[in-house]
Undergrad: 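Just dropping this structure here.
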2 protein chains.
Amino acid sequence: MEKDQTTSQKYSKLLMTSRELFWKYGFSRVSIQEICKEAGISKMTFYRFFPNKLELAKAVFDRVVDEGLVKFRSIMHANISSADKIKQIVLLKREGVHEISQEFLKDFYANPELGLKTYIEEKTKTAWHEMLTDFRQAQQDGWIRADMKPELLFYMSQKVGDMLNDKRLSSLYNSPQDLVMELTNFFVYGISPHE
Amino acid sequence: MEKDQTTSQKYSKLLMTSRELFWKYGFSRVSIQEICKEAGISKMTFYRFFPNKLELAKAVFDRVVDEGLVKFRSIMHANISSADKIKQIVLLKREGVHEISQEFLKDFYANPELGLKTYIEEKTKTAWHEMLTDFRQAQQDGWIRADMKPELLFYMSQKVGDMLNDKRLSSLYNSPQDLVMELTNFFVYGISPHE
DNA sequence: GTATTAAAATACGAATATAGTAACATTTTA
DNA sequence: TAAAATGTTACTATATTCGTATTTTAATAC
């Protein structure tokens with residue numbers, strides 16, 4: 001008998017498939033049957049892993065956030081220059097826009113009685129907290145200026161991610177790479193000249 | 001009493017709204033109620049314009065194709081150089097990828113019993129035919145080489161649209177504009193030097 | 001071979017959602 | 001004001017979906 005469900009292939013397959021569908025169409029528009037059919041797994045097997053669709057959604061959300069956190073940490077603790085770290089994080093945020101789909105969240109803010117809204121907010125909060133801890137550590141390590149709120153730093157790194165996806169901005173540059181470099185430099189050095 | 005329904009504001013509003021929803025989520029995932037709610041129009045009014053969801057879908061599809069055709073014609077008959085015409089058409093095709101959403105079509109190919117599949121194919125066929133006529137006219141007018149099948153021309157203009165959206169290709173150029181110019185030149189002059 | 005077990009397929013009832021209609025109220029427009 | 005258009009509410013019938021129970025099938029252990 002399988003002891004740890006989370007390592008099961010079918011379990012992972014279900015998570016993957018439902019994430020794809022949820023991301024595209026949102027939570028309520030996707031039925032359990034559809035997920036099972038798409039994943040090639042019977043409904044009974046589904047119910048062996050998840051009691052209902054809501055718990056499935058939580059598991060999906062958990063995995064996405066955890067994966068994002070792992071990526072973030074591996075960058076923060078990598079043996080590269082501070083400028084490179086910022087650059088990597090900025091690039092991560094750019095992809096991150098697609099990490100948690102708007103369609104997926106829409107449903108929960110429209111139907112708060114589902115109870116997933118608060119769950120997501122809790123989970124997000126703890127993830128934030130963990131990232132802030134890493135930022136503070138970086139300040140102690142000296143590669144981030146100590147005289148600024150880490151919350152601001154975190155907020156900015158999110159904003160920069162958004163900027164990268166802003167067409168009005170990117171149209172000012174010849175290539176996406178140019179924009180990344182410009183924003184990274186701004187992020188690391190501000191408007192002050194360096195070197 | 002309103003004679004021509006297609007000029008009604010509510011009719012247009014319904015078409016617009018349902019197109020947006022169909023495009024994003026596909027046909028079956030969107031309910032009539034949802035469309036009405038989103039459009040701010042009562043269900044009764046909906047049924048005054050459309051007998052059911054299928055006829056609505058046909059109307060949506062019709063309008064999209066017709067609008068595309070109008071744009072195509074205005075370019076073909078515009079008083080600009082042949083190179084500019086090709087360029088405009090290529091640019092039109094680039095947007096055109098989003099014109100008819102994959103999500104929208106998926107449903108009909110998955111559920112052929114809906115009967116919309118054949119309808120769409122018919123409509124597309126006639127649109128093709130009309131565009132081919134315009135191409136032939138252009139050959140007679142002399143701004144397109146006469147010794148080639150217009151079908152090939154049409155096929156190529158579609159392919160070029162796809163190429164513009166190919167990241168592997170666009171990454172070879174500094175800007176999208178560069179790629180458009182390159183492809184347009186290739187389309188108009190082939191690989192032969194000109195001027 | 002047979003017994004045992006996990007998973008798939010099928011069927012099913014109950015709850016919910018949706019399509020479409022009808023009767024009546026309200027607003028818009030001429 | 002009168003006519004036309006639209007909105008509201010309620011309703012029925014149908015279809016979907018959920019979640020469970022039952023039967024089949026397939027694989028594995030004995």
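Lettering follows sequence order; numbering is per chain, from 1.
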Undergrad: Pair A:Leu15, A:Phe50 - check side-chain contact (heavy atoms from CB on, under 4.5 Å), show working.
TA: CA-CA 10 Å; A:Leu15 274 193; A:Phe50 308 97; 4.2 Å; yes

Undergrad: Taking atom P of D:dG7 as reference, at what distance in whole Å does atom CZ of B:Phe46 sit?
TA: 13 Å

Undergrad: With a cut-off of under 6.0 Å to the ring centre and 45° to the axis, is B:Lys10 in cation-pi contact with B:Phe49?
TA: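 Not satisfied by the 6.0 Å and 45° rule.
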
Undergrad: Whole angstrom is fine here: how far is it from OH in B:Tyr11 over to P in D:dA5?
TA: 16 Å

Undergrad: Same cluster for B:Ile41 and B:Met44 if Ile/Leu/Val/Met/Phe/Trp/Tyr side chains link at under 4.5 Å?
TA: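 Unlinked, B:Ile41 and B:Met44 end up in two clusters.
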
Undergrad: Output yes when at least one side-chain N/O atom of B:Thr45 is less than 4.0 Å from OP1 or OP2 of D:dG7, else no.
TA: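 Yes, B:Thr45 has a side-chain N/O under 4.0 Å of OP1/OP2 on D:dG7.
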
Undergrad: Can you tell me how far apart CD (A:Glu121) and CH2 (A:Trp128) are? Round to the nearest 0.5 Å.
TA: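 One finds 12.5 Å between CD of A:Glu121 and CH2 of A:Trp128.
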
Undergrad: Measuring to OP1 and OP2 of D:dA5, would you say a side-chain N or O of B:Arg48 lies under 4.0 angstrom away?
TA: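 For D:dA5, neither OP1 nor OP2 has a side-chain N or O of B:Arg48 closer than 4.0 Å.
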
Undergrad: Between the protein and nucleotides 12-18 of chain D, which nitrogen or oxygen pairs are less than 3.5 angstrom apart?
TA:
unit_1, atom_1, unit_2, atom_2, d
D:dC18, OP1, A:Ile32, N, 3.3
D:dC18, OP2, A:Ile32, N, 3.2

Undergrad: How long is the line joining NZ of A:Lys13 and P of C:dA8, in whole Å?
TA: 12 Å

Undergrad: Can we say B:Lys123 and B:Asp66 salt-bridge, meaning some charged N sits less than 4.0 Å from an Asp/Glu carboxylate O?
TA: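 Salt bridge: yes.
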
Undergrad: Cation-pi check, A:Lys58 to A:Tyr119: give yes when NZ or CZ is under 6.0 Å from the six-membered ring centre and within 45° of the ring axis, no otherwise.
TA: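 Cation-pi check for A:Lys58 and A:Tyr119: passes.
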
Undergrad: In the 5'-to-3' direction, what one-character label does each nucleotide of nucleotides 22-30 of chain C receive under the scheme B = base within less than 4.0 Å of a protein heavy atom, S = sugar-phosphate only, - = no such atom?
TA: B--------

Undergrad: State, with a plain yes or no, whether a side-chain heavy atom of B:Val60 is found less than 4.5 Å away from one of B:Phe27.
TA: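 No, every pair of side-chain atoms sits at 4.5 Å or beyond.
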
Undergrad: Can you tell me the distance, in whole Å, between the CG atom of B:Leu56 and the C1' atom of C:dG20?
TA: 15 Å

Undergrad: Please report the distance, rounded to the nearest Å, between NZ in A:Lys37 and C1' in C:dT10.
TA: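 From A:Lys37 NZ to C:dT10 C1': 15 Å.
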
Undergrad: Any side-chain donor paired with an acceptor under 3.5 Å for A:Asp84 and A:Gln88?
TA: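 Not at all, the side chains of A:Asp84 and A:Gln88 share no donor-acceptor pair under 3.5 Å.
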
